[in-house]
Q: 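Following this message is one structure expressed as structure tokens.
Sequential numbering from 1 along the given sequence is applied to the chain's residues.
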Amino acid sequence: MRPAHLLLAVLVAAVWGVNFTVIEIGLGHFPPLLFSALRFLVAALPAVFLVGRSKVAWKWIVAVGLVLGVAKFGLLFVGMDAGMPAGLSSLVLQVQAVFTAAVAGVVLGERPTRARLLGMAVALAGIAVAALDEGAAGPLGAFALVLAAAACWGVSNVLTRKAAPPDALNFMVWVSTVPVLPLLGLSLLLEGPARDADALRSLDWQGAGTVVYVAWVTTVFGFGAWGWLLRRHPASTVAPFSLLVPVFGMSSAALFLGEGISPLRWCAAALLVGGVAVTSLAPARRAAVPGAPDIPVDAAARVGETRPGRPVGPGQPRAISGKGGGRWASS
């Protein structure tokens with residue numbers, strides 16, 4: 001990977017990590033469901049008129065929009081609003097790799113190798129340590145909401161792999177159109193029109209800045225740059241940089257929000273990041289389907305990669321990576 005591409009990958013990880021601190025600040029201006037709805041509204045408009053028509057079937061856009069946009073981000077924002085620290089949220093969400101592997105095993109018939117099972121066990125041990133740490137300092141209910149958000153992210157990852165979008169930015173922009181109305185409806189129902197109206201009436205530059213950051217910087221720039229990297233490098237080369245997200249998340253929360261990092265949290269971070277690294281990057285079992293190409297079963301359907309039998313288009317890699325890890329890594 002060229003130095004400029006290396007720096008871009010680190011920059012995307014930093015943008016996604018700092019995003020949790022920005023979310024925490026934004027939750028001081030908006031109710032969580034309204035904030036999430038505004039994120040997707042601003043991400044979708046006007047970008048949806050600039051990226052061209054959707055390149056995948058609408059059933060996948062709607063499915064990912066509901067699971068990722070409404071369920072995952074709704075639970076994340078509500079959990080953080082209920083007291084889950086920003087730095088810890090950036091860490092706990094990384095267990096989505098374990099949920100992705102588990103859901104892929106059930107839905108796609110992918111059997112995890114021993115290395116991946118070991119990685120999943122280590123990551124789950126990290127979650128247990130993080131829960132122990134949070135139980136001593138904050139509400140476990142909020143922790144459970146963010147953990148549920150990670151599970152929804154895992155489901156959306158498998159849906160995204162089934163959709164196999166050739167353009168990550170185009171796909172994410174169109175996905176962003178789906179959650180807006182459901183989240184607004186839930187906000188009016190659960191948070192109340194009066195609270196929503198008060199938040200919009202009192203909107204200031206800081207509040208507007210948080211919406212712009214989570215929509216344009218995190219979503220449009222982040223996914224656009226990540227997809228650009230995946231079209232030029234194997235997923236197994238790009239994906240490890242997503243492990244930097246909780247590093248930037250925890251450090252930015254400590255720097256800007258004054259969040260402390262206890263010894264237990266450092267231990268949880270080491271277990272989670274190590275377990276996720278093994279789960280994501282260990283080679284998968286090879287396909288055992290008669291007549292199928294001898295490639296890992298999870299190598300196809302990566303964002304920006306080719307699939308067996310699909311012509312290689314301009315800007316796409318010439319070969320399919322033999323390792324996993326091309327997962328979505330944003331928040």
Side-chain angles (χ1 to χ4, degrees), residues 1 3 5-21 72 76 85-102 104 112-113 115-130 146-147 149-151 153-154 156-157 160-161 168 218 222-223 225-230 233-255 261 265-284 298-299 302-305 321-331:
M1 184 179 285
H5 296 186
L6 180 70
L7 289 174
L8 180 60
V10 174
L11 175 61
V12 173
V15 162
W16 283 340
V18 173
N19 184 56
F20 290 88
T21 295
K72 183 256 184 176
L76 171 64
L88 186 59
S89 296
S90 71
L91 177 64
V92 170
L93 270 185
Q94 298 311 308
V95 81
Q96 56 85 18
V98 174
F99 287 115
T100 300
T113 61
R116 287 194 168 182
L117 288 173
L118 175 62
M120 293 166 68
V122 171
L124 290 176
I127 286 293
V129 173
V146 175
L147 190 60
W153 194 1
S156 73
N157 283 339
T160 300
R161 286 176 55 184
T218 300
F223 276 101
W226 195 256
W228 186 87
L229 289 167
L230 284 170
H233 302 280
S236 56
T237 300
V238 179
F241 288 94
S242 68
L243 298 175
L244 295 174
V245 171
V247 175
F248 287 109
M250 294 175 69
S251 58
S252 65
L255 181 62
I261 306 177
R265 193 164 299 181
W266 280 119
C267 179
L271 290 170
L272 257 171
V273 172
V276 167
V278 174
T279 302
S280 303
L281 304 177
D298 69 342
R302 301 292 183 192
V303 176
E305 292 189 352
S321 166
K323 292 186 179 182
R327 66 187 186 280
W328 297 92
S330 159
S331 171

Q: Angle between ring planes, Trp228 versus His5, binned at 30° and 60°: parallel, tilted or perpendicular?
A: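 Perpendicular.
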Q: For a 4.5 angstrom cut-off between non-hydrogen side-chain atoms, does Leu229 reach Phe241?
A: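 Sidechains of Phe241 and Leu229: no contact.
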Q: Between Ile127 and Val92, is any pair of side-chain heavy atoms under 4.5 Å apart?
A: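 Side-chain contact under 4.5 Å: yes.
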Q: For Ala130 and Ala268, which heavy atoms make the closest approach, and how far apart are they?
A: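 What the structure gives for the nearest pair is N-CB, 3.6 Å.
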Q: Tell me the closest heavy-atom pair linking Ala123 and Val98, and the distance in Å.
A: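 Residues Ala123 and Val98, closest heavy atoms: CB-CG2, 3.6 Å.
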Q: Can you tell me how far the CZ atom of Phe20 sits from the CG atom of Leu76, to the nearest 0.5 Å?
A: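 Separation between the atoms: 6.0 Å.
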Q: Which value, rounded to the nearest 0.5 Å, describes the distance between Ser89 atom OG and Leu91 atom CG?
A: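 Output value for this atom pair is 9.5 Å.
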Q: Can you check whether Leu88 reaches Arg265 side chain to side chain, under 4.5 Å on heavy atoms?
A: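 Yes; the side chains approach each other to less than 4.5 Å.
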Q: With side chains defined as the heavy atoms from C-beta onward, is the minimum distance between Leu272 and Pro246 less than 4.5 Å?
A: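 No, too far: nothing below the 4.5 Å cut-off.
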Q: Nearest heavy-atom pair of Ala269 and Met250: which atoms, and what distance?
A: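 Shortest heavy-atom contact: CB-SD, 4.2 Å.
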Q: Between atom CH2 of Trp226 and atom CG of Leu11, what is the distance when rounded to the nearest 0.5 Å?
A: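 Atom-to-atom, Trp226:CH2 and Leu11:CG are 11.5 Å apart.
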Q: According to side-chain contact (heavy atoms from CB on, under 4.5 Å), who are the partners of Leu7, at least two apart in sequence or on a separate chain?
A: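 Once residues adjacent in sequence are excluded, Leu7 has no partner under the side-chain contact (heavy atoms from CB on, under 4.5 Å) criterion.
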Q: List the residues meeting side-chain contact (heavy atoms from CB on, under 4.5 Å) with Ala151, not counting sequence neighbours, and say none if there are none.
A: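 Testing Ala151 for side-chain contact (heavy atoms from CB on, under 4.5 Å), a comparison that skips the adjacent residues, returns Phe99.
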Q: On a heavy-atom basis, which atom in Gly222 and which in Val12 lie closest, and how many Å separate them?
A: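 Answer, listing the atom of Gly222 first, then Val12: O-CG1, 3.9 Å.
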Q: Taking all non-hydrogen atoms of both residues, which atom of Phe223 and which atom of Ala168 are closest, and how far apart?
A: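 In terms of heavy atoms, the two residues are closest at O-CB, 4.0 Å.
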Q: Using the test side-chain contact (heavy atoms from CB on, under 4.5 Å), find all partners of Ser251 that sit at least two apart in sequence or belong to another chain.
A: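 By the side-chain contact (heavy atoms from CB on, under 4.5 Å) rule, Ser251 matches no residue at all.
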Q: So do the side chains of Ser90 and Phe248 get within less than 4.5 Å of each other, counting heavy atoms only?
A: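 Counting from C-beta outward, Ser90 and Phe248 never come under 4.5 Å.
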Q: Which heavy-atom pair separates Gln96 from Asn157 by the least distance, and what is that distance?
A: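 Scanning both residues, the minimum pair turns out to be OE1-ND2, 2.7 Å.
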